Each structure stands twice: as structure tokens, then as C-alpha cells.
Amino acid sequence: MHVGVERVTQADRRARTRGALLESAARGLSRYGYGNLVLEQVAREAGYTRGALYHQFKDKQDLTLAVIRWIGETWTREVEPLIEREREPVAALLALARGHAVYCRRNGARVATALRLEFSGQDHPVGHEIERSYELLVTRCENLIGAAREAGAIPHGPPTRTLALAFVGALDGTVIALAGQEPHDAQLAVRAVAGVLGLDPRSSTRTRTGTRTRTRTEQTEADA
């Protein structure tokens with residue numbers, strides 16, 4: 001029985017160490033990029049030794065790939081439920097924008113953007129992985145935009161994928177520019193993507209709240 005308890009404790013300790021190192025690495029990548037990331041500093045800021053880092057990750061590439069996957073996993077766990085609870089695709093898109101902005105207060109958007117710029121046009125495992133992650137987000141938005149168009153909820157215009165790329169660009173650009181400016185980062189992210197979609201942020205997707213008519217965008221901003 002004692003051995004079993006000890007194994008759980010050791011697994012928990014390892015998970016905490018890994019999580020702290022991933023968070024520290026994400027901060028470092030967002031500030032300095034991949035080329036200037038110093039593993040000793042990552043470990044120190046996480047409260048661990050360099051040896052503890054190498055016990056979890058074999059090198060900087062391995063650590064960075066783990067950060068990208070970790071961001072994707074935690075984003076899915078935190079943001080996807082906000083999207084899924086909405087019945088209408090436009091409401092889901094606005095929920096995605098708000099949830100993404102709140103999530104990226106922990107540097108998620110800055111990491112992805114920094115790595116995409118640094119590895120643009122390069123044949124490198126980190127570049128391939130960050131593009132794969134970016135494509136998943138664009139495709140998620142593309143599917144929702146397509147559903148919204150089929151429902152007549154947003155106007156026709158540029159191709160759906162083009163609109164999805166603009167949606168993600170406006171979203172990431174806003175949350176990066178407004179880093180540290182809560183709750184305005186999430187509020188203005190919602191307005192930015194509403195504009196990309198061709199919606200009036202103050203008159204689209206109305207819902208009733210008491211005796212006052214509130215837009216879905218207003219309701220989303222109020223939750224931020």
C-alpha cells in the first residue's frame with residue numbers, strides 16, 4: 001500500500017515540475033523567441049535546476065515542441081467548452097474569440113505568433129508543429145464561419161477560408177496588442193472579429209435580458 005501511495009506522489013510531483021517548466025518556457029518563448037531561449041533561465045524561473053529540465057526534456061527543440069502541444073491541449077480544454085455550449089455558429093465564433101483572449105493572457109497567442117514569424121519558410125520540426133497547431137485553429141473558425149453563412153447569419157463575401165484567416169489574424173493581433181489590459185482585451189477582441197465577419201457588434205445576434213435587448217457581443221463582453 002505504501003508503495004502505491006509513493007508512486008502517485010512521485011507522478012504528481014513530476015507533473016507539477018513539467019507544468020511549471022512548460023509555463024516558464026512559454027513565457028521565455030514569447031519574450032525572446034526560440035533562438036534566444038536559454039534553458040538554464042527557463043529552469044531557474046520555474047524554480048528548478050537545469051538538471052530537472054533535462055530530466056523532462058532532452059533539448060530545446062523537445063521542450064518547444066512540448067510547449068506547442070501543451071498550449072493546444074490546454075486551449076482545447078478551456079476554450080472548446082465555451083464554443084460547444086453555444087447553439088448558433090455566430091455566438092460560437094464570438095465565444096471562441098472571448099475564450100481565446102482570456103486564455104492568451106498566459107502568453108498563448110504571443111508564443112504562437114513569435115514562433116510562426118521566426119520559423120516562417122523554414123523546414124524545421126518546430127515550424128511544422130506550430131503551423132499544424134495554427135491550421136487547427138483556422139479550420140475550427142472556417143467550419144463555424146461556413147455554418148454561419150449557411151444559416152444566413154453573416155453576409156457572403158470573401159471565401160470562407162480567407163475570412164477565417166482574417167478572423168484569426170484580427171483575434172491574435174488584438175490580444176497581443178492589448179496584453180495586460182484586462183478586461184478590454186477580451187471585449188475588443190470580440191468587437192474586432194465581429195467586424196471581420198461583417199457584423200455590427202452592437203446589433204448582431206440579439207438576446208433578451210430582462211426588459212433590455214442585449215447583443216450577443218455585449219453579453220460576451222460583459223462576461224470578460
Side-chain angles (χ1 to χ4, degrees), residues 2-83 96-119 122 124-137 140 168 171-172 174-183 185-186 189 223-224:
H2 175 73
V3 173
V5 172
E6 186 64 30
R7 284 179 180 172
V8 172
T9 301
Q10 186 175 1
D12 289 345
R13 187 183 302 115
R14 180 179 175 83
R16 284 196 297 270
T17 301
R18 184 179 180 85
L21 290 169
L22 288 170
E23 289 186 11
S24 179
R27 289 192 297 269
L29 288 166
S30 70
R31 295 169 185 164
Y32 313 118
Y34 180 83
N36 295 320
L37 186 69
V38 179
L39 297 187
E40 185 175 0
Q41 183 176 352
V42 169
R44 183 171 60 251
E45 291 187 358
Y48 295 95
T49 64
R50 186 175 179 179
L53 186 149
Y54 278 110
H55 186 67
Q56 299 265 358
F57 310 98
K58 65 181 182 180
D59 53 25
K60 181 161 64 174
Q61 178 178 299
D62 188 39
L63 173 61
T64 303
L65 290 172
V67 167
I68 296 170
R69 293 166 188 147
W70 172 74
I71 288 174
E73 291 166 2
T74 53
W75 189 96
T76 298
R77 186 165 60 246
E78 297 179 22
V79 181
E80 194 65 33
L82 304 177
I83 302 169
L96 185 156
R98 176 191 172 275
H100 183 79
V102 171
Y103 176 85
C104 287
R105 290 168 184 169
R106 301 198 303 276
N107 294 313
R110 195 178 297 271
V111 170
T113 300
L115 291 176
R116 288 193 77 231
L117 290 173
E118 187 170 356
F119 288 96
Q122 297 185 41
H124 192 281
V126 171
H128 296 324
E129 185 64 22
I130 197 66
E131 287 301 327
R132 185 192 68 81
S133 177
Y134 180 77
E135 181 61 28
L136 288 174
L137 177 58
R140 186 72 172 99
V168 173
L171 178 55
D172 278 348
T174 300
V175 299
I176 289 172
L178 298 180
Q181 299 189 45
E182 305 171 16
D185 53 351
D223 293 336

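Values below: all heavy atoms of this structure, side chains included; hydrogens, waters and symmetry mates excluded. Numbers here simply count residues along the sequence, with the first being 1. These numbers were taken from a predicted model, which means no experiment stands behind them.
Arg132 meets the salt bridge (charged side-chain N to carboxylate O under 4.0 Å, His left out) test with Glu129; sequence neighbours excluded. Applying the ring pair (Phe, Tyr, Trp, His ring centres under 6.0 Å) criterion to Tyr34, with sequence neighbours excluded, gives Phe119, His124. Residues that satisfy the salt bridge (charged side-chain N to carboxylate O under 4.0 Å, His left out) test with Arg140, not counting sequence neighbours, are Glu80, Glu84. With sequence neighbours left out, the side-chain contact (heavy atoms from CB on, under 4.5 Å) criterion links Gln41 to Tyr32, Val38, Arg44, Glu45. Taking Ala20 as the reference, Ala46, Tyr48 meet the side-chain contact (heavy atoms from CB on, under 4.5 Å) condition, with sequence neighbours excluded. Shown here are the side-chain contact (heavy atoms from CB on, under 4.5 Å) partners of Ala101, two or more places apart in sequence or in another chain: Val175, Ala186, Ala189. Partners of Arg116 by salt bridge (charged side-chain N to carboxylate O under 4.0 Å, His left out), not counting sequence neighbours, listed by chain and number: Glu131. Under the side-chain hydrogen bond (donor to acceptor under 3.5 Å, both in side chains) criterion, Thr74 pairs with Tyr103, sequence neighbours left out. Scored by the side-chain contact (heavy atoms from CB on, under 4.5 Å) test, Glu182 finds Arg105, Asp185 as partners (sequence neighbours excluded).
Nearest heavy-atom pair, Val79 versus Leu96, reported as atom, atom and distance to 0.1 Å: CG1-O, 4.1 Å. The shortest heavy-atom contact between Ala52 and Leu21 is O-CD1, 4.2 Å. Heavy atoms only, all atoms of each residue included: Leu53 and Val42 are closest at CD1-CG1, 3.9 Å.
Taken to the nearest 0.5 Å, the CG atom of Leu178 stands 12.0 Å off from the SG atom of Cys104. A distance of 11.0 Å separates CG of Leu22 from CZ of Arg27, quoted to the nearest 0.5 Å.
For the pair Thr76/Leu136, no side-chain contact is recorded, criterion being any heavy-atom separation below 4.5 Å from C-beta on. Between Leu137 and His100, the closest side-chain pair of non-hydrogen atoms falls below 4.5 Å.
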Report all side-chain donor-acceptor pairs from residues 61-72 shorter than 3.5 Å, counting only partners two or more places apart or in another chain.
unit_1 : atom_1 : unit_2 : atom_2 : d
Asp62  : OD2    : Lys58  : N      : 3.1
Thr64  : OG1    : Lys60  : O      : 2.9

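A donor-acceptor pair is defined here as one N or O able to donate and one able to accept, closer than 3.5 Å; no such pair exists between the side chain of Thr113 and the backbone of Arg110.
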